[in-house]
Visitor: 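One structure, pasted below without further comment.
Start at 1 and go down the list; that is how both ligands and their atoms are numbered.
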Amino acid sequence: MSLNPHRPWRNITRRPSRKIWVGKVPVGGDAPISVQTMTNTITSDVKATLGQVLRAADVGADIVRVSVPDEDATRALKEICRESPVPIVADIHFHYKRAIEAAEAGAACLRINPGNIGDESRVREVIKAAKDHGCSMRIGVNAGSLEKHLLDKYGEPCPEAMLESGMDHIKILQDNDFHEFKISVKASDVFLAAAAYTALAEATDAPIHLGITEAGGLMAGTVKSAVGLGNLLWAGIGDTIRVSLSADPVEEVKVGYEILKSLGLRTRGVQIISCPSCARQGFDVIKTVDALERRLEHIKTPMSLSIIGCVVNGPGEALMTDIGFTGGGAGSGMVYLAGKQSHRLSNDQMIDEIVRMVEDRAAQIAAEEQAAE
Ligand code: SF4
């Protein structure tokens, strides 16, 4: 990532890590931080699962994980992997045969803890299947399912126990000459997760999958994830993220992107900067932003838009955004393009006009990019 010499306070130096591949998506090294989600349909219902994968991919998911608890699921996985526009991670818990079937079905990555699948011969079989089919793996340590001997040793889930669990699983893969793996140490407690991830980041150069597990519903889980993941990402830790919400996977992807966007780590779509509004507002800021968020959801081109109620902060914010609108009284406001005053717009036309300007600018950027290729 290039550092910003003019605004050094915005720089985040990412922890160096190895690069692995989840299908066509690089994870770690200099790869962009990828956004993942997980389906919550019955996997054997191919139509429903694929529908969810497609909707998640459409809002920007780079990778989607699918649970494969039984043979029906691994059978369905074949079609899901074939039809999915993004790599599929097969989520396996204890059944090593499901892992082999998932690799054969086209999964790009197996989420599996090698220490939980039985004896050495089973581990070797799974690793062979992964190698034969070009699958990477994710070791997924979770505070809620730590090994009994670690709970006995440490008394309760703690950062040291989570790190030890992760390093034990890593050793099994490395002893079998398998290095295409990433690792997570998730907890629902942000302090525990942050401490475990920080220790992990010191102990290995494997790419790190970040997540605050079981974070809660849309609102509470978003805040908790933003605090937990935001703190780690800001410290440069994390190569791929999944926000876990008791909500539609599409929401998980949107929240994941917003966290990355707020730290300048990824850009996608329109980033709206808007004021909270007050008695000075020259138009209804809240209703306008709500309408713009919905009507600009289809824009994928990175762009910034400021929607500010009055001149107190409007011109200043417009300086830092591609397109700006500032309320100005008398039923109209000022449009700014690249920070410069452009033209006045009446309040009753502003939503349609701003949507048109954003769409035009997105098309222009896309054409410029195409011409440059
Ligand atoms: S920018 Fe103006 S309208 Fe918006 S909150 Fe500030 S003072 Fe109020």
Side-chain angles (χ1 to χ4, degrees), residues 4 6-12 59-60 217-227 229-231 233-234 243 247 251 254-362 364-365:
N4 185 334
H6 304 298
R7 300 188 180 107
W9 61 90
R10 299 195 64 186
N11 290 339
I12 291 177
V59 292
L218 181 54
M219 172 72 166
T222 295
V223 173
K224 201 171 181 184
S225 297
V227 170
L229 303 190
N231 159 38
L233 290 164
W234 202 326
V243 172
E251 301 296 340
K254 287 185 186 172
V255 173
Y257 256 97
E258 288 302 326
I259 292 172
L260 294 179
K261 274 156 69 171
S262 68
L263 290 169
L265 289 164
R266 285 274 307 261
T267 51
R268 183 183 198 274
V270 184
Q271 187 169 17
I272 300 181
I273 283 108
S274 58
C275 76
S277 79
C278 73
R280 290 196 189 90
Q281 65 182 353
F283 62 97
D284 190 329
V285 175
I286 294 176
K287 267 196 191 146
T288 303
V289 170
D290 189 46
L292 286 170
E293 275 184 348
R294 275 183 284 107
R295 290 191 51 188
L296 296 173
E297 231 178 30
H298 64 293
I299 303 286
K300 297 184 171 115
T301 309
M303 205 183 302
S304 53
L305 170 67
S306 53
I307 301 294
I308 307 292
C310 79
V311 292
V312 170
N313 289 323
E317 288 297 346
L319 271 180
M320 295 179 277
T321 46
D322 297 308
I323 298 173
F325 182 83
T326 297
S332 70
M334 178 61 73
V335 174
Y336 295 76
L337 297 177
K340 293 202 175 64
Q341 281 194 4
S342 170
H343 56 281
R344 292 199 75 81
L345 202 57
S346 70
N347 289 357
D348 54 355
Q349 292 173 319
M350 65 177 288
I351 293 176
D352 287 345
E353 264 301 294
I354 290 170
V355 168
R356 190 194 57 75
M357 285 191 290
V358 169
E359 284 174 344
D360 287 355
R361 180 75 187 116
Q364 192 187 358
I365 292 170

Visitor: Give the residue and atom name of whichever protein heavy atom lies nearest to atom 8 (Fe) of ligand 1, and the separation in Å to one decimal.
Guide: C278 SG, 2.3 Å
Visitor: With heavy-atom distances below 4.0 Å as the criterion, list the atoms of ligand 1 near G309.
Guide: 3 (S), 4 (Fe)
Visitor: If the cut-off is 2.8 Å, does any N/O/S atom of C275 fall short of it from atom 4 (Fe) of ligand 1?
Guide: yes
Visitor: Should you measure from each heavy atom of I308, which atoms of ligand 1 turn up under 4.0 Å away?
Guide: 1 (S)
Visitor: With a 4.0 Å cut-off on N to O distance, would you call E353 and R356 a salt bridge?
Guide: yes
Visitor: Verify whether one side chain among T321 and S306 offers a donor that lies under 3.5 Å from an acceptor in the other.
Guide: yes
Visitor: Looking at V59, is its backbone amide N or carbonyl O close enough to the side chain of R268 to form a donor-acceptor pair, meaning the two atoms are under 3.5 Å apart?
Guide: yes
Visitor: Any atoms of ligand 1 less than 4.0 Å from a non-hydrogen atom of Q281? List them with their elements.
Guide: 3 (S)
Visitor: For the backbone of A338 and the side chain of D322, can you confirm whether one donor and one acceptor N or O come within less than 3.5 Å of each other?
Guide: no
Visitor: Starting from atom 6 (Fe) of ligand 1, find the nearest protein heavy-atom neighbour and note its residue, name and distance.
Guide: N313 ND2, 3.8 Å
Visitor: Distance to 0.1 Å, residue and atom name: give those for the protein heavy atom nearest to atom 2 (Fe) of ligand 1.
Guide: C310 SG, 2.3 Å
Visitor: Between K254 and E297, does any side-chain N to carboxylate O distance fall below 4.0 Å?
Guide: yes
Visitor: Under 4.0 Å from ligand 1, counting heavy atoms only, is it the side chain of S277, its backbone, both or neither?
Guide: backbone
Visitor: Look only at the side chain of S225 and the backbone of T222, and say whether a donor-acceptor pair between them is shorter than 3.5 Å.
Guide: no
